[in-house]
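Model, not experiment: these values are computed from the prediction. Each chain gets a letter, A, B and so on, in the order its sequence line appears, and its residues count up from 1.
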Protein chains: 2
Amino acid sequence: MTPASATTDPAAGPRALAHPALAEIRIEGVLHALADPVRLRIVRQLADTTDHLACSTFDLPVSKSTTTHHFRVLRESGVIHQTYRGTAKVSGLRTEDLDALFPGLLATVLAASDRQAERLAAGLPTPG
Amino acid sequence: MTPASATTDPAAGPRALAHPALAEIRIEGVLHALADPVRLRIVRQLADTTDHLACSTFDLPVSKSTTTHHFRVLRESGVIHQTYRGTAKVSGLRTEDLDALFPGLLATVLAASDRQAERLAAGLPTPG
DNA sequence: CTCATTGTACGAGAGCCGTCGTATTTCGGG
DNA sequence: CCCGAAATACGACGGCTCTCGTACAATGAG
C-alpha cells in the first residue's frame, strides 16, 4: 500500500477514478463485461502484457466515446484498474483481485477466447 | 428455420428443438447467457445433478413466459440441451460439448458462482 | 501562454433484453 | 372424447446498452 508512483496517485488527485472493492465485484457483472466482443478484445490485449496500456494504444472498431464507455464498464465491473498518467489513462487487468474472488476464471475465459479465435481463423480464410 | 446444421438428430419427432452445433457456439454468447442471474441460477441447479430436469422443477422468481425465454437463451447459446418428454421438456447441461470447446470454462464459472453465493450468504444474515 | 493530445460529458437514437399476461398448442389420463 | 398439466407464441412495455457526434476539460510540450 505504499504510494510508489508520485505523478498520479489514484486517491490523491482531482481526477480520481472509482473502482469497486473486492466485496462489491459480482460474477454476473464480470461475465456481462466479458460478454461484449469489443470488451473481450480489450481484455485479451491487456492480458498480452504485464504493463498498463493507454486507451489510445487500442485499435478498436468503435469511436472514441464508445471506447470510453467500454473501459468504464470494465472498470466498474471490477475487471480492470485505471489510473491517470498525464493526459493518458492507463489500464491493467485486476488479475490478483479476480483470482482471489474467482480462481481461474479470467485465465479460463482468456484461454477459451484464444481457442475460439484460432478456430475461427482456421475456418474462415480457406472456405474451399 | 435454422440456417446451419445442428447437432439434433433429424428423426427426433415433430417437436424437435434447434440446438447450435459445436462450431456455432460462441464464447460471447455463452458468457452472455451465463451473465443473467436467473439463467445462472438455472445452470447451477442443473449442475447439481446428472439427470435432466423439467422446467417446472425450477423455482424461479419470474413468470412462466420468462422462464421459457431464459431456457431458450441457454439452449440457443449452446449451454443446455433440451428434449421433450411428454408434455414436459427436460433440460441438461452440454457439459461435454462445452468442455471440448472451452476446457474448464463451465466448471470455473460454476465454482465462481458457488463461491460468491457462500460469500454473500455469510455477509447478509448478520447486518448488525 | 498556446497548442496538440487525450480522454470525458452530454445528449441522442436504434436495438436488444427481461418481463409480463393472455391465448394457444401438445400430450397423458380418466 | 374431454380435461388438466406443461410449455409456447405473441404482443406489449420499460429499461438498459451500444453507438455516435460534438463540445469540453486536463495535461504536457514548445
Check side chain to side chain donor-acceptor pair (under 3.5 Å) between B:Q45 and all other residues, then give those that pass, not counting sequence neighbours. none

For B:S63, all residues meeting side chain to side chain donor-acceptor pair (under 3.5 Å), sequence neighbours excluded: B:T66

When A:V30 is tested against each of A:L101, A:L105, A:L74, A:V109 for side-chain contact (heavy atoms from CB on, under 4.5 Å), which residue passes? A:L105

Looking at B:S63, does any N or O in its side chain come under 4.0 Å of the phosphate oxygens OP1/OP2 on C:dC20?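 Checking C:dC20 against B:S63, a side-chain N or O does come within under 4.0 Å of OP1 or OP2.
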
Using a cut-off of less than 4.0 Å, is there contact between a side-chain N or O of A:T68 and OP1 or OP2 of C:dG7?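 Answer is no, no contact under 4.0 Å.
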
Roughly, in whole Å, what's the span from [atom1] in [X] to [atom2] in [N]?
X: A:L34; N: D:dT17; atom1: CG; atom2: P; value: 15 Å
X: A:Y84; N: D:dA25; atom1: OH; atom2: P; value: 14 Å
X: A:E28; N: C:dC17; atom1: CD; atom2: P; value: 18 Å

Identify, between A:H32 and A:T87, the residue whose nearest nucleotide on DNA chain D lies closer to the 5' end.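 Its nearest nucleotide being more 5', the pick is A:H32.
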
How far does NE2 of B:H70 sit from CD1 of B:I42, to the nearest 0.5 angstrom? 6.5 Å

CZ/B:R39 to NE2/B:H32 distance, rounded to the nearest 0.5 angstrom? 5.0 Å

Residues which pass side-chain contact (heavy atoms from CB on, under 4.5 Å) with A:R26, listed by chain and number, not counting sequence neighbours: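 Checked A:R26 against side-chain contact (heavy atoms from CB on, under 4.5 Å); matches are A:E28, B:Q116, B:R119, B:L120.
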
With a 4.0 Å heavy-atom cut-off, tell me which residues in residues 69-80 of chain A come close to DNA chain D, sorted by residue number.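 DNA chain D contact set from residues 69-80 of chain A: A:H69, A:H70.
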
In short, B:T83 meets B:L17 closest at the heavy-atom pair N-CD1, 4.3 Å

Which heavy-atom pair separates A:L34 from B:L31 by the least distance, and what is that distance?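 Between these two residues, the closest heavy atoms are O-CD1, 3.6 Å.
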
Specify whether B:H52 and B:H81 have parallel, tilted or perpendicular ring planes, treating 30° as the upper limit for parallel and 60° as the lower limit for perpendicular. perpendicular

Heavy-atom distance under 4.5 Å between the side chains of B:R75 and B:K89, does that happen here? yes

All N/O contacts under 3.5 Å from nucleotides 22-24 of chain D to the protein, with atom names and distances to one decimal?
unit_1 : atom_1 : unit_2 : atom_2 : d
D:dT22 : O4     : A:S65  : OG     : 3.4

Interface with DNA chain C, restricted to residues 38-61 of chain B and to heavy atoms under 4.0 Å: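 B:R39 - these, ordered by number, are the residues of the stretch whose heavy atoms sit under 4.0 Å from the strand.
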
